[in-house]
There are 2 protein chains.
Amino acid sequence: MTDPKLWTSETVAADLERAVHEHRLPPGTKLGEDDLAEAYGISRTIVRAALLALSHRHLVELKRNRGAFVAQPSVREAREVFEARSLLEPRTARSAAERMTDEELDLLRANIRDEHAALDAGEYGRALFLSGQFHVEIARIADQTTVEAFISELISRSSLIIALYWRRRAALCETQAHHALLDAFASRNGALAEQLMKSHLLDLVASLDLRNVSQPPTSLREALNR
Amino acid sequence: MTDPKLWTSETVAADLERAVHEHRLPPGTKLGEDDLAEAYGISRTIVRAALLALSHRHLVELKRNRGAFVAQPSVREAREVFEARSLLEPRTARSAAERMTDEELDLLRANIRDEHAALDAGEYGRALFLSGQFHVEIARIADQTTVEAFISELISRSSLIIALYWRRRAALCETQAHHALLDAFASRNGALAEQLMKSHLLDLVASLDLRNVSQPPTSLREALNR
DNA sequence: GTTGCAGATATTGTATACAATTCTGTTCCG
DNA sequence: CGGAACAGAATTGTATACAATATCTGCAAC
């Protein structure tokens, strides 16, 4: 993290977002301004701008006079995030399938290959990140920058949701669904891609434990609105 | 603007967003940090945080070392915004119709009434703002906070798009569509509400002039990537 | 042993100082 | 008269100082 590189608020935010996405920074982690400033070798000014950006993406929660924490999405929020994804992603997958070039198809293939490699190497965080990038890449291929930005945010938030609510099951169901999507893309079958994405998202929520019991409030304080 | 009130970055951002939404701050307007700091009676620190927030909502464009400007969405971006809205809003209108209480119905009626009053008083900016709030309110009633946040951003961006690309026509087509939606809500007809919202959005884009000619690059500089 | 308070410590919130960059207007030369 | 070049002004970028607030520690009282 202490690269000789020149950090800006954008690069710091991206670096932190990736760390969150890869579960190196679990939900609830305190992100102290001084700590980060020292870690990156910059002043608190830049750190604050980065944290502000992440809070706007709902990846970080800012508590007045108490600091920044990696967000802990509620069960409610978890449902909403996947509800939003189900509105955006299936149609976007259809558009992508209809515009897909061979080069873009190769990019998606490479993504799945890298994810496999990461899994084999035991790098689960990296595999999770790549799995998310697959979805973002689809939005990019659909050539819808605006929708892509929304999906990108939702994907990152989904990573937090998975960290909190994932229940152990088969680990490879993910790549299976992505393989099926890839086939639909390869045959430029938009309707199929839309349907597969819809099912994929339903499978994802089904793999979560979103019962209302045992809400995350790690501390009693959280349970009582500070 | 020079209230004795206590301004925070959030309230300043909200105040600016409303000004943009009501077309009091047209696209391209320079938002100088010192000017704003003086206008609100605060330091540049707060102003910068507010501008950063607005830039994340794509309402303000930050140009390095040159300052903040009210965004000027391109034709491309305009299309994308309405594409995104068409993915989110019709389904959300359906959900809203199915959950609508009588009190919420009254809120929507009041909104339309206020919009009419604003139009009669010649307060076009306020009417435009209320017209947008109608859409946001629907998302709120659908009880989907996450989708609501996206729609809220898209509505504000739509206001910029209208400022740039609106072609004069019948002025009241807006309230007509909202009236029709209200009837669908009153009869809790989700399918109809979804269909009406879809048509409403199509009418909106149709009322814009999105031909690719004469793109906004006010200055030559803009045309050449700075 | 727990509770309550007080001072000390640490962390965030805001303002401001200074550096870096851009803009502007004038001068000088062709 | 037109344009390059420069100096000064204005504006933004970053760091830091200080204020406000929250947290922690220790001691005393019950």
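Chain letters run A, B, ... following the sequence lines, proteins first and then strands; every chain starts at 1.
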Handout entry: Spacing of B:H56 atom NE2 and B:L62 atom CG [to the nearest 0.5 Å]
Key = 8.0 Å
Practice task
Please confirm whether the backbone N or O of B:A50 pairs with a side-chain atom of B:S9, one donor and one acceptor, at under 3.5 Å?
Solution key: no
Handout entry: Atom pair distance, as rounded to whole Å: CD1 in B:I42 and P in D:dA19
Key = 20 Å
Exercise for the section: Measure from the side chain of B:I46, starting at C-beta and using heavy atoms only, and say which of C:dG13, C:dA15, D:dT14 lies closest. Expected result: C:dA15
Fill in the blank from the handout: note: B:L36, atom CG; D:dT11, atom C1'; distance rounded to Å ~ 13 Å
Practice task
Check whether any side-chain N or O of A:K63 sits under 4.0 Å from OP1 or OP2 of C:dT11, and answer yes or no.
Solution key: no
Handout entry: Whole angstrom value for the distance that separates P of C:dA20 from CD of B:E33
Key = 18 Å
Exercise for the section: Using whole Å, report how far CD of A:E38 lies from C1' of D:dT16. Expected result: 16 Å
Handout entry: Pairwise distance CZ(A:R79) to CG(A:L208) - rounded to 0.5 angstrom
Key = 10.0 Å
Exercise for the section: Would you please indicate if the ring centroids of B:H116 and B:H178 are separated by under 6.0 Å? Expected result: no
Problem - Distance below 4.0 Å between A:R48 side-chain N/O and C:dG13 OP1 or OP2 - result: yes
Problem - Considering all heavy atoms, the nearest A:A149-A:R57 contact - result: O-NH2, 3.7 Å
Exercise for the section: Rounded to the nearest angstrom, tell me the gap between atom CZ in A:R66 and atom P in C:dT9. Expected result: 22 Å
Problem - Nearest to side-chain heavy atoms of B:R64, which nucleotide of D:dA15, D:dT21, D:dT14 - result: D:dT14
Handout entry: Interatomic distance, B:L31 CG vs D:dA10 P [rounded to whole Å]
Key = 20 Å
Exercise for the section: Side chain of B:R44 only, please: which of C:dA15, C:dT12, D:dT12 is the nearest? Expected result: D:dT12
Handout entry: Separation of D:dT14 P from A:W7 CH2 (nearest whole Å)
Key = 15 Å
Practice task
Between D:dG13, C:dA15, C:dG13, spot the one nearest the side chain of B:T45, thanks.
Solution key: C:dA15
Completion exercise
Of the listed C:dA15, D:dT12, D:dT21, the closest approach to the B:N65 side chain comes from D:dT12
